[in-house]
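Here's the structure we're looking at; comments come further down.
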Amino acid sequence: PPKAFGVGWGLSFLCRVFVPSFDARPAIVPAHTYVCGGSTFLETGPLWEDTVPPSLACSFSGYNLTARMASRIAVDAMGGDDAPGATVAGAIQAVHHTDRDTTVLLTGPGAQIRDELARHTDVPEEALEIIDAPDVIGMGEAPSTAVKQKTNSSIHQGIAAHHDGKADAFVSAGNTGAIMGASMFILGRIPGVERPSIAGFFPNLKGSSVVLDIGSNVDCKPSHLVQF
């Protein structure tokens, strides 16, 4: 199976409702969902169809998730293993697989992204845009340092595009701490919530549940859990 966001995955996202929806062929992309400043951020990873109950992809708490989709999705082209190759390939396949009017904004060094796009003969140019971001935050970099020093990174520019209304969602398989830190710096927290949280889907006998926090905080006070 592919190591990074993209290869072989058609995907679609529900945005600004705090719950992602997935429509993948042949794989389903799960996500850690960041809720920060009233917006939703997804960190993706591979999960195959036969491991997910249909209700996870189709509905949650009575919502028809596949009916409300983002039209412009910013994707961190430099996030995850085998980036930007796998990420660019996945973006191309995602656009081809969706039957909705979706545009993907690839964030990262423009020259590298264009080189990757040139490797493909089926690039839907009308549905792919590039946001040049020369800085790249590596998986091994300290989030606090990277967020402050690499303000023109693919992560920063993707979140900024969402903040400015140019994108309905931002997706990254990159440095989790940097994504969280940049989200807090650019978007801020939801009023009344002291700490950001990462949420994940856990399958259960009736479908699925949202569980949080699953990794953004080393320890949580009871008040933090109430806020989550």
Correct closest heavy-atom pair for Ser197 and Phe228 would be CB-CE2, 3.6 Å
Taking the side chain as every heavy atom from C-beta outward, state whether Thr102 and Val95 have any atom pair closer than 4.5 Å. no
Of all the heavy-atom pairs spanning Ala199 and Val210, show the shortest one and how long it is. CB-CG1, 3.7 Å
Is there a side-chain contact between Ser153 and Val136 in this structure, where contact means two heavy atoms from C-beta onward sitting under 4.5 Å apart? no
Are Leu187 and Phe170 connected, step by step, through hydrophobic side chains (Ile, Leu, Val, Met, Phe, Trp, Tyr) whose heavy atoms are closer than 4.5 Å? yes
Any donor-acceptor pair under 3.5 Å linking the side chain of Asn175 with the backbone of Gly138? yes
Value rounded to 0.5 Å, distance of OG in Ser172 from CD1 in Ile155: 4.5 Å
Keeping the roles fixed (side chain from Asp213, backbone from Asn217), state whether a donor-acceptor pair exists under 3.5 Å. yes
Could you please spell out the steps behind the side chain to side chain contact (heavy atoms under 4.5 Å, CB included) verdict for Leu117 and Ile92? CA-CA 9 Å; Leu117 289 172; Ile92 293 172; 4.1 Å; yes
Measure across Ile198 and Gly215 and return the closest heavy-atom pair with its distance rounded to 0.1 Å. CD1-C, 4.3 Å
Ignoring hydrogens and angles, tell me if any N or O in the side chain of His224 forms a donor-acceptor pair with the backbone of Lys221 under 3.5 Å. yes
Looking at side-chain heavy atoms only, is the closest gap between Leu128 and Thr103 below 4.5 Å? no
If you compare all heavy atoms of Met78 against all heavy atoms of Ala83, which two are closest, and at what distance to 0.1 Å? C-CB, 3.6 Å
Closest approach of Met180 and Ser216, non-hydrogen atoms and distance? CE-CB, 3.5 Å
Between CD on residue Gln112 and CD1 on residue Ile130, distance to nearest 0.5 Å: 11.0 Å
Say whether, by atom type as modelled, one donor and one acceptor occur between the side chain of His162 and the main chain of Ala167 under 3.5 angstrom. yes
Flag the pair Asp219 and Arg195 as a salt bridge only when some basic side-chain nitrogen lies within less than 4.0 angstrom of an acidic carboxylate oxygen. yes
Which distance, rounded to the nearest 0.5 Å, do you find between the CD of Gln93 and the NE2 of His120? 8.5 Å
In this structure, OG of Ser144 is separated from CD of Gln149 (nearest 0.5 Å) by 9.0 Å
Pair Glu129 + Arg72: basic N to acidic O under 4.0 Å: yes
Where do Thr107 and Asp76 come nearest, in terms of heavy atoms and distance? OG1-CA, 3.4 Å
Measuring only between side-chain heavy atoms, which start at C-beta, is Thr176 closer than 4.5 Å to Met139? no
His156 side chain vs Ile186 backbone, donor-acceptor pair below 3.5 Å: no
Any side-chain heavy atom of Leu106 within less than 4.5 Å of one from Ile131? no
Can you find a pair of side-chain heavy atoms, one from Ile73 and one from Val171, that are under 4.5 Å apart? yes
Could you give the distance from CZ (Phe201) to OG (Ser209), rounded to the nearest 0.5 Å? 9.5 Å
Test item: Val75 and Thr87 side chains (from C-beta on) under 4.5 Å apart, heavy atoms: yes
Side-chain donor-acceptor pair under 3.5 Å between Ser71 and Asp101, yes or no? no
Flag the pair Leu225 / Ser223 as yes when at least one side-chain heavy-atom distance between them is below 4.5 Å, and no otherwise. no
